[in-house]
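Treat the numbers as computed from the prediction; the structure is a model and nothing was measured. So that the names make sense, note that chain A is the first sequence line, chain B the second, and so on, each numbered from 1.
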2 protein chains.
Amino acid sequence: MTIAENNKEFLASEECALCPTREIALFANLKPEDLLQMHSPIQYKVLEKGETLYTHDEKADYIYTLHDGVLKLEQYLPSGEQRIVRLLRRGDLAGIEAVTAANYQHDAIALTKISVCKIPSNLVLDLSHKSPELHANLLNKWQLALTTSDTWLTKLSTGPSRYRVVRLLIWLSGNSPDEEFYMPGREDMGNILSLTTETVSRAIAGLRRDGVLELRGSNSAMADISNLKQIVKEPT
Amino acid sequence: MTIAENNKEFLASEECALCPTREIALFANLKPEDLLQMHSPIQYKVLEKGETLYTHDEKADYIYTLHDGVLKLEQYLPSGEQRIVRLLRRGDLAGIEAVTAANYQHDAIALTKISVCKIPSNLVLDLSHKSPELHANLLNKWQLALTTSDTWLTKLSTGPSRYRVVRLLIWLSGNSPDEEFYMPGREDMGNILSLTTETVSRAIAGLRRDGVLELRGSNSAMADISNLKQIVKEPT
DNA sequence: CGACAACTTGACGTTAGTCAACCACGGTGG
DNA sequence: CCACCGTGGTTGACTAACGTCAAGTTGTCG
């Protein structure tokens, strides 16, 4: 039985050494002896599409590493408007704020079926003092989140609708050309780009007409990435 | 002679203990013995309005704590568009990415006369291992930056122009009612809100007509904050 | 006092939002 | 198995908002 076969299972921390995602996630480069120091339970969880990982009013006691799938982080305004501030995928950290803040800052909702490791935040805090590697990893992850956030501001919230949609598609494709990639629903895309579903839909229709985008199954697409990049004048 | 009277001066690290900004900045809560460990030079600098603190292509060797004034962090797109991704003020950290990344992520330009402390990034990295307090401070600052970034996404890049301008004004006023506050030029405001200078200008004209905003000297204004908050339906 | 830059205002064009109808698909139940 | 319904997506006609271009106006600094 592999880890992924069982839905909700507790892991002894030692098994982290076997984790396939470890290399790209929080515990990369950790010395084996540091891994063994972790006696707190780390829980492996699978969430179905649409399920909620945590909400902003919740006490922030856990950090999650994302093994598979796509997770959205949403924020609400007092006026009721909502906005997706980030999308997370394999190797990303959800709820890092648990290390320093009392509550989460967002609602985290699965866009696809996802699998995560649920790590007690005080465990991370402890280890970050003892292990320079984890300390560095943590800072790196934090910086990555900030860079992503800045990029979203400049690339996804600026310019005409067509450009925004194209930039989002480039990001979603993960820069790998001629591969199918996950494409969120129109409403979610709108909440990322601050556009309406109709406008997003029209932009996508236009790209299909121009032959640079092809829809596959539901929430899946293929694109000619280098063409997309030319549209927004990015180096190919 | 106080620190601020001289334009560009090297400080022995011991003087950090006397720094008035220390409480709110990076070195808050540091033990005196930790402060004394710092033998690397910390440079105190004053920049005039319009001067550049660092640019994105520069090697990131220093972190800056902002003592006074307002600093903008700008990012450029390949297409040439530019966007202000954050404004920093008293107590904020500029160039934190120097701890983990090789280069800066933004151009940092003074919007007003500013004063900063220029701290070698490897000093911060070293100390963050030795001092749990600094370690915590660093994580806190990082989280603050991320929260700010998220807020800018949801509050300043969403909704009609009037709302965006109002939300920016609320932020600029620092929530202190009936006090004069710094207001950037229209073009900069536009680059924060992703609006044109004309649209910003019109929005401001409208607010003045409605009697909720009053211009003072150049780049300075006063507003009825609680009225502003009602406009965007925020709790007063 | 003059010159320049920043800001404002107006008229107009373009883009995205709105409202509404329609279509396509998947699941449910008869 | 197929009709039905619901959801998400698309399309069209119209409207409102913002951008653009251009001409003033104000303000500031030498």
Open item on the list: Need one value for A/Leu195: base, sugar-phosphate or nothing, where a base atom within 4.0 Å counts as base even if backbone is also close, heavy atoms only.
Closed with: sugar-phosphate
- [ ] Let me have a per-nucleotide readout for nucleotides 19-27 of chain C, 5' to 3', with B, S or -, counting only protein heavy atoms under 4.0 Å.
- [x] B--------
Indicate every side-chain donor-acceptor pair of residues 228-236 of chain B with a distance under 3.5 Å to a residue at least two apart or in another chain.
unit_1   : atom_1 : unit_2   : atom_2 : d
B/Lys229 : NZ     : B/Asn175 : OD1    : 2.7
B/Lys233 : NZ     : B/Tyr163 : OH     : 3.2
B/Glu234 : OE2    : B/Lys155 : NZ     : 3.4

Do any side-chain atoms of residues 62-72 of chain A form donor-acceptor pairs under 3.5 angstrom with protein atoms, and if so which ones, sequence neighbours left out?
unit_1  : atom_1 : unit_2   : atom_2 : d
A/His67 : ND1    : A/Thr21  : OG1    : 2.6
A/Lys72 : NZ     : A/Glu74  : OE2    : 3.2
A/Lys72 : NZ     : A/Asp188 : OD1    : 3.0

TODO: Take the protein atom CD of A/Glu187 and the nucleotide atom P of C/dG17, then report the distance between them rounded to whole Å.
DONE: 14 Å
Open item on the list: If we count only N and O atoms by modelled type, under 3.5 Å, do the side chains of A/Ser226 and A/Asp224 hold a donor and an acceptor together?
Closed with: yes
Open item on the list: Less than 3.5 Å apart, any donor N or O on the side chain of A/Glu187 or A/Thr197 sitting next to an acceptor on the other?
Closed with: no
Open item on the list: Donor-acceptor pair, distance only, cut-off 3.5 Å: does the side chain of B/Thr154 make one with the backbone of B/Thr151?
Closed with: yes
TODO: Let me know the distance between CG of B/Asn191 and P of C/dA6, rounded to the nearest Å.
DONE: 13 Å
Task: Sugar-phosphate only, base, or nothing, as touched by A/Arg162 at under 4.0 Å among non-hydrogen atoms - done: nothing
- [ ] Write down the distance between CE (B/Met183) and P (C/dA6), rounded to a whole number of angstrom.
- [x] 15 Å
Task: B/Glu97/B/Lys141 ion pair, N-O < 4.0 Å - done: no
Task: Start and end of chain B contact along DNA chain D [non-hydrogen atoms, under 4.0 Å] - done: D/dC18 to D/dT28
With a cut-off of 3.5 Å and sequence neighbours excluded, list every side-chain donor-acceptor pair involving residues 199-215 of chain B.
unit_1   : atom_1 : unit_2   : atom_2 : d
B/Thr199 : OG1    : B/Thr196 : OG1    : 2.9
B/Asp210 : OD2    : B/Arg162 : NH2    : 2.4

Open item on the list: Between C1' on C/dT8 and CZ on B/Arg208, what's the gap in Å once rounded to a whole number?
Closed with: 9 Å
- [ ] With heavy atoms under 4.0 Å as the rule, sort B/Ser218 into base, sugar-phosphate or nothing.
- [x] sugar-phosphate
- [ ] Taking side-chain hydrogen bond (donor to acceptor under 3.5 Å, both in side chains) as the test, write out the residues that go with A/Thr55, two or more places apart.
- [x] A/Asp57, A/Glu58
